[in-house]
Amino acid sequence: MNALLSHWLLATPIWLIGIFLFAGMLAFAWLGIRLRRRRDRAAGGKIDKDDAQEGLIVSAVMGLLALLVGFTFSLALDRYDARRMGVLEEANTIGTTYLRSQMVDAPYRQRLSSMLSQYADNRIAVAQLSPGPKLTELLARNDQLITDLWTETVAAWPSLKHYDFSSSYLDTMNAMIDMDATRRAARRAHVPAEVFLLLFIYQFVAAGVIGYVLVGERGRQTAAFLFALFGLSLLLVIDLDRPTDGGIIVSQQPMLDLQAMIRANPPPTFDRFNGTRTAVPPD
């Protein structure tokens with residue numbers, strides 16, 4: 001049940017979820033109106049002393065619903081921020097690794113630079129795809145590139161270990177590989193499906209209560225406004241919780257900037273001052 005609901009929330013178009021949500025709210029509101037009319041007919045038009053408490057009931061129901069939506073919005077926003085920061089951190093890590101790779105001896109330098117460029121391109125493509133066969137293929141390519149990068153680093157280590165920056169280079173390469181796991185975990189992190197299930201149920205129940213309590217033309221207008229307000233708020237939370245679909249997605253601009261930097265600065269770019277170095281005479 002949990003897996004089915006999670007898949008439905010992630011795979012179903014947001015407009016279709018909106019139709020289901022508002023249709024359910026209207027159905028429960030209609031049920032509340034019918035119950036109110038039946039009660040009024042049974043009372044024969046007399047004013048019940050309990051009517052004075054209906055305003056308190058509506059306030060309590062709406063207050064609790066607002067609290068639940070706000071709590072869920074906070075959960076979804078935290079996960080969105082984690083994905084957004086992951087993009088920036090990974091772009092910085094790949095960029096640093098690329099720059100430090102220019103100090104590695106040939107031929108490892110050229111091969112590492114080429115693989116890092118391919119890795120950055122693949123990471124951008126992975127971040128923009130929804131789950132499916134194409135994403136599975138790119139993730140397999142991603143894992144292969146990580147293996148190749150580390151294999152090339154191992155091959156370069158005998159010529160690299162004598163330099164002072166060798167340890168920091170390994171740290172940067174390890175950090176870049178670790179960011180892959182970090183971003184995968186952030187992509188899989190969602191608001192628990194049980195929280196959304198509770199929100200849907202409570203939203204429907206609240207619609208029934210509002211339909212029962214708010215009567216008359218003005219009451220129906222107020223009810224419609226409340227339905228739209230809380231329904232749109234819940235749809236916003238669902239949209240925010242989706243990594244790649246919907247109107248609110250994490251910008252890949254830091255990775256795109258990195259991609260442009262790597263393409264504009266191939267390895268030969270960093271050799272242009274080598275001929276100007278002044279040789280230091282031996283003692």
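All residue numbers refer to positions in the sequence shown, counting from 1.
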Atom CZ of Arg184 with >12 non-hydrogen neighbours under 6.0 angstrom: yes

Side-chain donor or acceptor of Thr97 paired with backbone N/O of Thr93 under 3.5 Å: yes

ILVMFWY cluster, Leu16 and Phe196 together (side-chain gap under 4.5 Å): no

Atom pair CG/CG of Leu236 and Asp241 - distance to nearest 0.5 Å: 11.0 Å

Salt bridge (Lys or Arg N to Asp or Glu O under 4.0 Å) contacts in which one or both residues fall within residues 18-34, not counting sequence neighbours: none

Check: Tyr98 main-chain N/O paired with Gln102 side-chain donor or acceptor under 3.5 Å: yes

Aromatic contact, Tyr108 with Trp157 (centres under 6.0 Å): no

Distance-only side-chain donor-acceptor flag, Tyr169 / Thr153, under 3.5 Å: no

Pair Asn122, Gln118: side-chain N/O donor-acceptor within cut-off below 3.5 Å: no

SB check Arg141 Asp121 (cutoff 4.0 Å): no

Nonpolar side-chain network containing Leu88, other nodes, edges under 4.5 Å: Met85

For a quick test of your reading: what N or O donor-acceptor pairs under 3.5 Å do the side chains of residues 246-253 make, sequence neighbours left out?
| residue | atom | partner | partner atom | Å |
| --- | --- | --- | --- | --- |
| Ser251 | OG | Gln253 | N | 3.2 |
| Gln253 | NE2 | Asp257 | OD1 | 2.8 |

Pair Thr244-Gln128, side-chain donor/acceptor within less than 3.5 Å: no

Enumerate, atom names and distances included, each donor-acceptor pair closer than 3.5 Å involving a side-chain atom of residues 64-81, sequence neighbours excluded.
| residue | atom | partner | partner atom | Å |
| --- | --- | --- | --- | --- |
| Thr72 | OG1 | Leu68 | O | 2.8 |
| Arg79 | NE | His190 | O | 3.2 |
| Arg79 | NH1 | Leu75 | O | 3.1 |

Fellow cluster residues of Ile33, listed by chain then number, with links counted only when side-chain atoms sit under 4.5 Å apart: none

Within-4.5 Å side-chain heavy-atom neighbours: Tyr163 and Met103: no

same_hphob_cluster(Leu229, Ile19) at 4.5 Å side-chain heavy-atom cutoff: no

Interatomic spacing from CE in Met179 to CD1 in Ile94 - rounded to 0.5 Å: 8.5 Å

Salt-bridge criterion met for Arg111 and Asp148 (N-O under 4.0 Å): no

Check: Ser114 side chain, Gln110 main-chain N or O, donor-acceptor pair, under 3.5 Å: no

Transitive ILVMFWY cluster of Leu138, excluding itself - 4.5 Å side-chain cut-off: Val126, Leu129, Leu135, Leu139

